[in-house]
Structure formats: C-alpha cells, structure tokens
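Since the structure comes first, as structure tokens, the remarks are kept for the end.
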Amino acid sequence: MLDFNLNPLDEYRKKASFEWKKLKMLLHPEQYAKLQDVIMEKIYKYPEFRRGFCPESLDEKRRITQRQLNIIKESRILDREEILINLNKMPYLISMLTILAPDTCIKFNGSVDLFNNAILALGTEDQLHYVFDNKEGKINGTFCLTEIGHGTNTKGMQTTAVYDIENEEFVINSSCFEAAKCWAAGLSQTASHAIVFAQLIVKGEMKGLHGFIVPLRDPTSLIPYPGLTIGDMGEKTGLNGIDNGFLVFHNYRIPRKNLLSKTGGVTLKGDYITSFKDSKKKHGVSLGHLSIGRTYIVCTAAAYGIKALTIAVRYAAIRKQFGPNESEEVSIIEYQTHQHRLLPHLACAYAIRIFGDFILPSCCQFIFDSLFDSSDEHISERGMEIHSICCGAKPLASWSIRDVIQECREACGGHGYLKAAGIGDLRDNNDANCTFEGDNTVIIQQTSNWLLKFWPLVLKQSRISSPMSSVDFLTSATEILEYKWEIIDVEQLCSPNNLIQIYQWLVCYLLRETYEKSQKAMQSGIDPFWVKNNHQVFLAKNLSIAYTQVRTCKSIIVRDKY
Ligand SMILES: Cc1cc2nc3c(=O)[nH]c(=O)nc-3n(C[C@H](O)[C@H](O)[C@H](O)COP(=O)(O)OP(=O)(O)OC[C@H]3O[C@@H](n4cnc5c(N)ncnc54)[C@H](O)[C@@H]3O)c2cc1C
C-alpha cells in the first residue's frame, strides 16, 4: 500500500494514534483492494466513467447512465455467477460503484436486480429466459409496483389484470389516473420489459395483487407498444441519470404465461390455482428475495456517508479560523464542538459500512440457498428473518447517513454548500434511500411486527431461536431485564460486550412494553389498526431501531461469522 504524497494533511496524519494502513486493511482486505484495481481497469477505459465537472443536460445524464449500465452488464462485474464465487465481495463492489457512478448503481438495482429477483422469487422455470436476457442486455427491465394513488399500501393498488378465457390472455387496465404506475426506474425511456403488479381478476373474482411480465417496448427501437401511455416523472432532486417514468394501461393484452405464478396461477380454463399447503413457506422465501434492494441501500448509504466524511474531516484539518492570539489561527478540527459534530458520525458510518458487509452477502447467500439448496428446512423462516432485519436496516442506515451528510455539509461552512464540494449531491442521492424500496417509517413496522410474535414465547419460557440467531437472546429476556451494570468509566461502557448487553436490554424492555400496552389497548376494545398506530412513536419504532442496532454491533464484533 503506497504512502500518501506530501500534502497539507500530513500534519494531522502524523498525529494519528493508529496505523491507517492497518485500519484500511481491516475494512478493505487486500483481495478487495486488488479487485477494485481490476474493476477500475475494466471500466475506466470507457469515457463514460471519466466525467468532467461541466454540468450535463438531463438527456446527457441519462444517456451516460444507460451507457454505464450497458458497460457494467457487458463486463459482468455484478453478475450473479461471478459474485457467487465470493459473496463477500458484493458490498465492496456496490460501495465502489456508488462512489463512481451512483445513478447507474441504483438503476442497476431497479432494472436488473429487482426485475430478475421478482422472476426468481415469484416466477417459474419457463420465465427464467427473461433473467438471462436482462443480464445480457438483450432486454432492459423495470419494476412497477408504485401507483399514483398508492405507494406503501400495496393492497390498495388499482391496476387490474382480468383473465380472458377465450383468448388465453390477461387484459391489463389502469382503472383511473390514480392507478397509473409511477416512479419505476428506466420506465420513461429505456425499459423494454416490466414486472407489473396488478389485481388479478378471474371469472369476476378478485384474487389479490400478482406480478406479471409485461413487454413495454420493442427492445431494439425502444418504441412503446400500442395500448400503453408512457411518460416521464420529470427532473428530480437527485439521481437524474435515472429515467423514472409513469405508465397507463388501456386494455393492454399479455399472454397467460406471463403471470408470475409460483404462488398462484390460472389454468387455460380460467381456474385459479394456489398451493395453500406451502404458500406460507413461499411467502417467506419471496420476502427474503425481495430484500436484496434494501441491503444494497445499506451499502450505498454507507458509501455516501464515508465520502461526505472524507470531505468534511479533511476540510476540517486544513481550514483555519480563530486562535489563541492574533498571529496564530488553528484548524477547525481542533475545536471540541467540531470533533463532537463529526466524530460520532464517523463511527456511525464505519458501523453501517461493516453492517452492510454482513447483511448484503447474507441476503445473497439466502437467495442462492433458496434456489439451489433444498436441504434447508427453515428457508422460509430465514427469508422472514432477512426481511425483518432489512426492514430495520434500510431505515437505520439511510436515516443515520442523512444526518451524517447534513452535519458534514454544515461543518464545511459556506464552501460545503458549493455544488463542487459534492456534499449536496450525496445528500440528494441518499435522500431517495429513505423512500424507495418502501418508505422508512412504514417498512420499519414490519420489523416490530415480527419481533412482537416472540413475546408470547418469552412469557411461556420457551426456547427462542431463529435461523440467523438474531432473536436467540430473547430466550433469556427475563434475566436480561434484571441486569444491573456497574460501569465505572467510559471505556468500560463502550466495550463491545457491554454495548450489546445494553442494547439487548433495550430490545427486551421495548418489546415487553409494546406488547403489554398493545394487549391492554386491544382488550379495551380499540381496533387493532389503531392499536398498532398508537404505539409507533415511542415504542414499536424504537424497538425496531434498537433490535437493528444489536445486529449492527454484533456484525462488528463477529464480522467473519457469516
Ligand atoms: C427516486 C425514486 C425511485 C423509485 N423507484 C421505484 C421503482 O423503481 N419502482 C416502484 O414501484 N417504485 C419506485 N419508487 C416509489 C417508492 O417506492 C415510493 O415512493 C415509496 O414506496 C413510498 O410510497 P409513496 O410515495 O406513495 O408514499 P406514501 O405511501 O403516500 O407515504 C407518504 C408519507 O406518509 C407516511 N405514511 C404512509 N403510510 C403510513 C403508515 N401506515 N404509518 C405511518 N406513516 C405512513 C409515510 O411515512 C410517508 O412519509 C421510487 C421512488 C423514488 C423517490
């Protein structure tokens, strides 16, 4: 590892109480540093990855993003088969691409991963060719769930797919403007195929939300097919290389075989079939598959935060204001307030980065096992657990990094507000992390809902264990709640084991409080919908956060366990 060239940061680099090379090796083991070089060599030869500082038009941004996406597909950098050889390299790739080409990295997630994973999770073997075609760049995917009228409430979605027995086709319609699909990445200009979620209607009966593979445009000319109105969402606060669009269906027909029918299919004669026996199992597995985007977000958020902190900490070492006398000014990093503002965020970004190193490979491993290894009897429970961890991890990471970036911006004063400082773009890009793949405030409720199922087992004094062991400590919940700490100094307080014990106590406490208060409210006749709503702010939301913090701390301590 090369030393830095002489530069104005040397004064502070020399003062470090640790060896920076050792720390770097811990975070970036040599094999990944080499991988980074290999990838840079692969893609840096393309001018699309060497961009200047000139502002680009919206069209140009989008053209470059699509070109970059094609290059990533062609060079197979994020190819599933490549990654399966060493799952741990995935977070490094995502972090690197997030810094190099954030829009492209996010577009890859929407148009390749979400599209392909929906087919792998919900589709059948005959539909796998779409996955390969998408990977090879023969088609471009997009994922259309959100509608104008309903985003997080998927049950309320109004796009319909009615089965036409005579023609063996589904007829898709947007019943009103509110049913228009919106936001999907790549939909506006580049996607040739979409995964569309619509209410399935068979013989006049509603069968609930189902996924369909819908051809949108000719893959070569990219001209939309008749029966569709496709438009653009317009310029966004960030990530403008991505062509997010909207879509309205007018009696649009697709073949019967385009229904993703792993959990429920329709026969030629229009009978709805579903394997009730293991539908619960399939649900858990599907949720696990669809978690991958949230694990990406943990890694992209960490990468944004680390970049913002690098800028702010370096700036703090160079920037001088005030001093003990008129002739001497000191670097702003010397100010207690400045350290207090930046250093906890630095620790937080490290923690999220390491958590990403754990959660993304865990999710990839889960997807791999669920597809190719039938020996895991608990695969469905594992899917549920991955889903529950990710529904806490995405909010924790994106909210924390939102605060990290904002503090970094302010810590750089007026210069931090310049476009050229780069912090504003990081803030705008991370902002979307709080909303897409499920709004933070809403998805975090999935984590607490899952945790609440374990409290009755605590009351029965049953042994609690889960495939990824994230709730095993609840077996000792009663003893944990009795813990008394005799901590004498900060060092002891911050020892990893103490921190985990403290967070575990908090999880047990919040779990007991949320459960007991909800039960009491329910017994008094309050509707379960309002009971859940009324216990979010001080209980359920904090419960999910504390549980995710336990997982984060554990991934730091035992980062090589998984
Ligand atoms: C850049 C970007 C890219 C996107 N890409 C895609 C894509 O590729 N495909 C796709 O299908 N969608 C995509 N989306 C849409 C995204 O998934 C939705 O915006 C998101 O799910 C939130 O839905 P909504 O916008 O309808 O917000 P709403 O659900 O209307 O939420 C609005 C507010 O109400 C609050 N709220 C809602 N319900 C509750 C509740 N029960 N309890 C408490 N508070 C609540 C939320 O916290 C939120 O603050 C994208 C969005 C963005 C910004």
Side-chain angles (χ1 to χ4, degrees), residues 61-62 65 69 102-118 140-159 174 177-191 193-198 209 211-212 214 216 230 232-247 290 292-294 296-297 300-301 304 391 394-395 398-399 402 425 427-449 527-541 544:
K61 277 190 189 130
R62 289 178 174 185
T65 301
L69 186 76
D103 301 43
T104 310
C105 194
I106 305 293
K107 189 165 176 181
F108 185 91
N109 179 27
S111 66
V112 183
D113 270 329
L114 279 181
F115 180 92
N116 287 359
N117 277 330
N140 285 316
T142 186
F143 184 86
C144 297
L145 176 65
T146 308
E147 295 178 359
I148 298 281
H150 291 90
T152 17
N153 180 10
T154 50
K155 281 191 186 146
M157 290 188 172
Q158 290 166 290
T159 306
S174 311
F177 172 67
E178 290 203 330
K181 291 289 173 192
C182 62
W183 276 114
L187 174 60
S188 147
Q189 289 172 304
T190 47
H193 288 71
I195 300 295
V196 171
F197 287 86
L209 205 63
F212 299 83
V214 179
L216 299 174
I230 303 182
D232 194 84
M233 294 302 285
E235 199 161 353
K236 306 181 293 286
T237 322
L239 299 172
N240 275 306
I242 306 172
D243 50 312
N244 296 87
F246 67 83
L247 165 66
L290 296 173
I292 186 85
R294 293 181 186 142
Y296 267 38
I297 290 177
T300 55
Y304 293 140
C391 284
K394 181 200 102 96
S398 54
W399 276 332
R402 174 197 63 190
D425 286 342
R427 185 176 53 191
D428 289 342
N429 289 353
N430 180 68
D431 201 347
N433 281 343
C434 301
T435 296
F436 55 30
E437 293 276 341
D439 169 80
N440 279 359
T441 304
V442 183
I443 61 163
I444 206 166
Q445 297 178 23
Q446 305 257 340
T447 309
S448 50
N449 291 348
D527 184 281
F529 177 87
W530 294 114
V531 170
K532 197 172 125 190
N533 176 60
N534 297 346
H535 292 99
Q536 285 304 319
V537 177
F538 299 109
L539 294 168
K541 182 178 158 205
S544 303

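We count ligands from 1, going down the list as the structure has it; atoms in each ligand are counted the same way.
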> Does the protein put a heavy atom less than 4.0 Å from atom 50 (C) of ligand 1?
Replying inline: yes
> If you take all heavy atoms of Phe143 and Ala118, which pair is closest and at what distance?
Replying inline: CE1-CB, 4.1 Å
> Counting heavy atoms only, which of Thr152, Leu145, Ile106 is nearest atom 29 (O) of ligand 1?
Replying inline: Thr152
> Among protein heavy atoms, which sits nearest to atom 25 (O) of ligand 1, and what does the distance come to when rounded to 0.1 Å?
Replying inline: Thr435 CG2, 4.8 Å
>> I need the nearest protein heavy-atom contact for atom 16 (C) of ligand 1: residue, atom name and distance, please.
In response: Thr146 OG1, 3.7 Å
>> If the contact criterion is a heavy-atom separation under 4.0 Å, does Gln445 count as touching ligand 1?
In response: yes
> Just distances here: any N/O of Ala432 and N/O of ligand 1 closer than 3.5 Å?
Replying inline: no
> Just checking, is any N or O donor in the side chain of Asp243 or Thr190 under 3.5 Å from an acceptor N or O on the other one?
Replying inline: yes
>> When you measure from atom 5 (N) of ligand 1 to the protein, is at least one non-hydrogen atom found at a distance under 4.0 Å?
In response: yes
> So Asn430 and Ser398, side chain to side chain contact (heavy atoms under 4.5 Å, CB included) or not? Walk me through it.
Replying inline: CA-CA 7 Å; Asn430 180 68; Ser398 54; 4.3 Å; yes
>> Centroid separation under 6.0 Å, is that true for the rings of Phe108 and Tyr296?
In response: no
> Should the proximity of Asn244 to ligand 1, defined as any heavy atom under 4.0 Å, be assigned to the side chain, the backbone, both, or neither?
Replying inline: side chain
>> When you compare the side chain of Leu216 with that of Thr142, does any pair of heavy atoms fall below 4.5 Å?
In response: yes
> Just by distance, with hydrogens left out, do Glu147 and Thr159 show a side-chain donor and acceptor under 3.5 Å apart?
Replying inline: yes
> Any idea which protein heavy atom is nearest atom 7 (C) of ligand 1, and the distance to it?
Replying inline: Ala184 CA, 3.5 Å
> Which atoms form the tightest heavy-atom contact between Ile106 and Tyr304, and what is the distance?
Replying inline: CD1-OH, 4.2 Å
> For ligand 1, does Gln536 get within less than 4.0 Å through its side chain, its backbone, both, or neither, judged by non-hydrogen atoms?
Replying inline: neither
> Is the shortest distance from atom 33 (C) of ligand 1 to a protein heavy atom below 4.0 Å?
Replying inline: no
> Ignoring hydrogens and geometry, is there a side-chain-to-backbone donor-acceptor pair from Lys236 to Leu239 under 3.5 Å?
Replying inline: yes
> Is at least one protein non-hydrogen atom found at under 4.0 angstrom from atom 11 (O) of ligand 1?
Replying inline: yes
>> Counting non-hydrogen protein atoms only, what is the nearest one to atom 2 (C) of ligand 1? Give residue, atom name and distance.
In response: Phe436 CD2, 3.4 Å
> So which protein heavy atom does atom 13 (C) of ligand 1 come closest to, and at what separation?
Replying inline: Trp183 CB, 3.5 Å
> Without hydrogens or angle criteria, can the side chains of Lys532 and Ser448 be said to hold a donor-acceptor pair below 3.5 Å?
Replying inline: no
>> Can you see whether Lys394 engages Asn433 through a side-chain donor-acceptor pair at a distance of less than 3.5 angstrom?
In response: no
>> Taking the basic N atoms (NZ, or NE/NH1/NH2) and the acidic carboxylate oxygens, is any pair closer than 4.0 Å for Arg62 and Asp232?
In response: yes
> In the protein, which heavy atom is nearest to atom 23 (O) of ligand 1, and how far is it?
Replying inline: Gly151 CA, 3.4 Å
>> Considering both backbone and side-chain atoms of Asp439, is one of its nitrogen or oxygen atoms within less than 3.5 Å of a nitrogen or oxygen in ligand 1?
In response: yes
>> Show me which atoms of ligand 1 lie under 4.0 Å from any heavy atom of Thr441.
In response: 47 (O)
> What protein heavy atom sits nearest atom 36 (N) of ligand 1, and how far away is it?
Replying inline: Val442 CG2, 3.8 Å
> Does the Lys181 side chain pair with the main chain of Leu145, one donor and one acceptor, at a distance under 3.5 Å?
Replying inline: yes
> Of all the non-hydrogen atoms in the protein, which one sits nearest to atom 8 (O) of ligand 1, and at what distance?
Replying inline: Ala185 N, 3.1 Å
